[in-house]
Amino acid sequence: MELVEESPYRFRIDRHDPMRVPGVVFASESLLPDAGADKSLEQVANVATLPGIVDASYAMPDIHWGYGFPIGGVAATDVEHGGVVSPGGVGFDISCGVRLLAADLDLAGLRPKLGAVMDGLGEATPRGMGKGAVWHLSKGEELDAVLRGGSRYAVERGFGVERDLERCEDYGAVDDANPAQVSERAIERGARQVGSLGSGNHFLEVQAVEEVYDEAVATAFGLRPGQVTVMIHSGSRGLGHQICTDYVRQMEKVMRQYNIHVPDRQLACAPVDSHEGRAYLGAMAAAANYARANRQLLAHAARTVFSRVTGSRLDLVYDISHNLAKIETHGTDGDSRRLCVHRKGATRALPPGHPELPDDLRDAGQPVLIPGSMGTGSYVLTGVAGSPAFASTCHGAGRVQSRKQAVKAERGLDPRRQLEDQDIAVRGASRRGLAEEMPAAYKDVSAVVEAAEGAGLCRKVARLVPIGVVKG
DNA sequence: ATGTGC
């Protein structure tokens with residue numbers, strides 16, 4: 001795959017048939033995927049063939065191989081001009097995302113109670129494969145309310161406060177959820193898991209603010225140096241996974257009917273404005289609401305522990321997805337288009353002044369939450385005006401080793417010990433789970449954030465360091 | 001990511 005360096009942190013894959021638009025990769029030379037081991041640049045070019053795609057098939061600096069679309073990919077299609085929606089452009093973990101809470105407590109104050117806090121969080125956080133659930137739902141009306149209401153419903157039921165919703169993307173729920181388009185099997189899996197962490201790269205972390213890069217914005221976000229924070233990374237569990245599986249299968253069957261041909265079966269898609277496209281978007285939105293309710297419940301459990309053990313409060317900084325497709329309007333007044341923006345392992349990053357931001361964030365911009373690999377740091381960023389990829393930026397460090405490779409690299413070593421030697425408390429993680437998530441399996445998150453900022457996609461606000469981690 | 005593998 002030939003890359004042309006257009007400017008620092010920006011590489012182009014020239015359009016060639018059957019691409020409809022060029023590919024654009026935001027990265028530094030050293031962050032570019034290794035063409036021998038990782039087919040993600042080919043995936044960028046494949047995505048560029050999708051009907052209705054506009055401008056370019058974009059990739060963020062944390063790009064790596066994914067199902068059909070690369071992880072770290074952004075693609076927008078024009079709804080009025082045959083634009084398609086593709087489940088692979090969202091990913092299996094629909095509305096997977098990050099929630100950050102800030103404590104009214106400094107690290108020095110937490111230290112003496114850290115063991116008790118971690119024990120409490122370990123007990124209060126359901127995690128691992130298949131396990132549920134902070135909240136046992138009846139399959140009927142109550143799950144339906146979660147799928148329609150997301151965090152709003154969780155708050156209504158007492159699992160949070162009204163202010164939380166102002167600090168959630170979409171005020172805690174997307175509007176066009178259609179639970180009728182969610183299969184019985186997906187409902188079955190979801191009913192037992194709402195309020196659970198999952199496994200893989202999902203985690204709950206106790207952190208401290210290590211460095212502030214922009215004091216005014218950090219203050220607007222409610223962050224100051226030395227402060228304790230809690231970061232939750234989780235998604236829509238088995239429900240989102242099942243929805244993705246269901247619709248990939250369904251779209252594979254009907255693509256020919258719409259005269260759509262793609263270079264990879266995993267790019268199964270249908271026009272946004274078709275029966276199948278609308279059905280997927282309705283089900284996807286339901287899974288998005290499920291994921292938000294899930295993070296709201298996990299946050300409630302963490303708040304209960306912090307309040308009991310330390311007497312301190314946890315205020316929501318923000319909750320943001322990094323696996324979602326959204327219908328958005330982009331462009332200037334005379335030339336605006338309704339686009340279906342797929343972000344898969346990419347985060348929306350609204351600039352200061354954007355009308356969708358709550359009043360108290362209007363001047364600062366939208367908080368962008370970037371979890372680093374386990375045991376390294378995480379970042380808080382904000383959006384910038386005039387950014388090139390439909391107001392999107394990176395979502396994390398990005399894998400460089402497969403799970404299998406990572407496990408092999410840890411053979412004979414003790415991953416838990418390595419974390420504890422760095423003064424990071426660990427609760428609940430399996431040996432294998434930890435081995436798969438070791439920092440060596442990931443790119444350097446600081447280099448990723450540096451490249452994203454250098455490419456004009458976002459700005460750094462603060463860096464957070466891990467103190468304790470709860471994993472599946 | 002995922003009751004890991006139709």
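Sequence lines set the chain letters: A, B, ... in the order given, protein chains first and strands last, and positions in each chain run from 1.
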Q. With respect to the phosphate group of dT2(B), does any side-chain polar atom (N or O) of Arg237(A) fall under 4.0 Å of OP1 or OP2?
A. yes
Q) Does Val44(A) offer a backbone N or O that forms a donor-acceptor pair with the side chain of Ser57(A) under 3.5 Å? A) yes
Q: Answer yes or no: is there a donor N or O on one side and an acceptor on the other, between the side chain of Glu169(A) and the main chain of Ser321(A), under 3.5 Å?
A: yes
**Q.** salt bridge (charged side-chain N to carboxylate O under 4.0 Å, His left out) against Asp34(A), all qualifying residues, sequence neighbours excluded
**A.** none
Quiz: residues 249-257 of chain A side-chain donor-acceptor pairs under 3.5 angstrom, not counting sequence neighbours:
| residue | atom | partner | partner atom | Å |
| --- | --- | --- | --- | --- |
| Glu252(A) | OE1 | Arg265(A) | NH2 | 3.3 |
| Glu252(A) | OE2 | Arg265(A) | NE | 3.4 |
| Glu252(A) | OE2 | Arg265(A) | NH2 | 3.2 |

Given [options], which nucleotide is nearest the side-chain atoms of [X]?
X: Ser199(A); options: dT2(B), dC6(B), dT4(B); value: dT2(B)
X: Arg432(A); options: dT4(B), dC6(B), dT2(B); value: dT4(B)
X: His241(A); options: dT2(B), dC6(B), dT4(B); value: dT2(B)

Look at all strands and tell whether [X] reaches a base, only sugar-phosphate, or nothing, counting heavy atoms closer than 4.0 Å.
X: Arg399(A); result: nothing
X: Gly91(A); result: nothing
X: Glu437(A); result: sugar-phosphate

Rounded to whole Å, please give me the gap between [atom1] in [X] and [atom2] in [N].
X: Tyr67(A); N: dT4(B); atom1: OH; atom2: C1'; value: 15 Å
X: Arg192(A); N: dT2(B); atom1: CZ; atom2: C1'; value: 13 Å
X: Glu436(A); N: dT4(B); atom1: CD; atom2: C1'; value: 9 Å
X: Lys253(A); N: dC6(B); atom1: NZ; atom2: C1'; value: 13 Å
X: Lys404(A); N: dT2(B); atom1: NZ; atom2: C1'; value: 16 Å
X: Asp246(A); N: dT2(B); atom1: CG; atom2: P; value: 16 Å
X: His202(A); N: dT4(B); atom1: NE2; atom2: P; value: 16 Å
X: Phe92(A); N: dT2(B); atom1: CZ; atom2: C1'; value: 8 Å

(Q) Checking Lys471(A) against Glu205(A) for the salt bridge (charged side-chain N to carboxylate O under 4.0 Å, His left out) test, could you report, in this order, the C-alpha distance in whole Å, the side-chain angles of both residues, the deciding distance, and whether it holds? (A) CA-CA 9 Å; Lys471(A) 278 192 76 78; Glu205(A) 215 169 73; over 6 Å; no
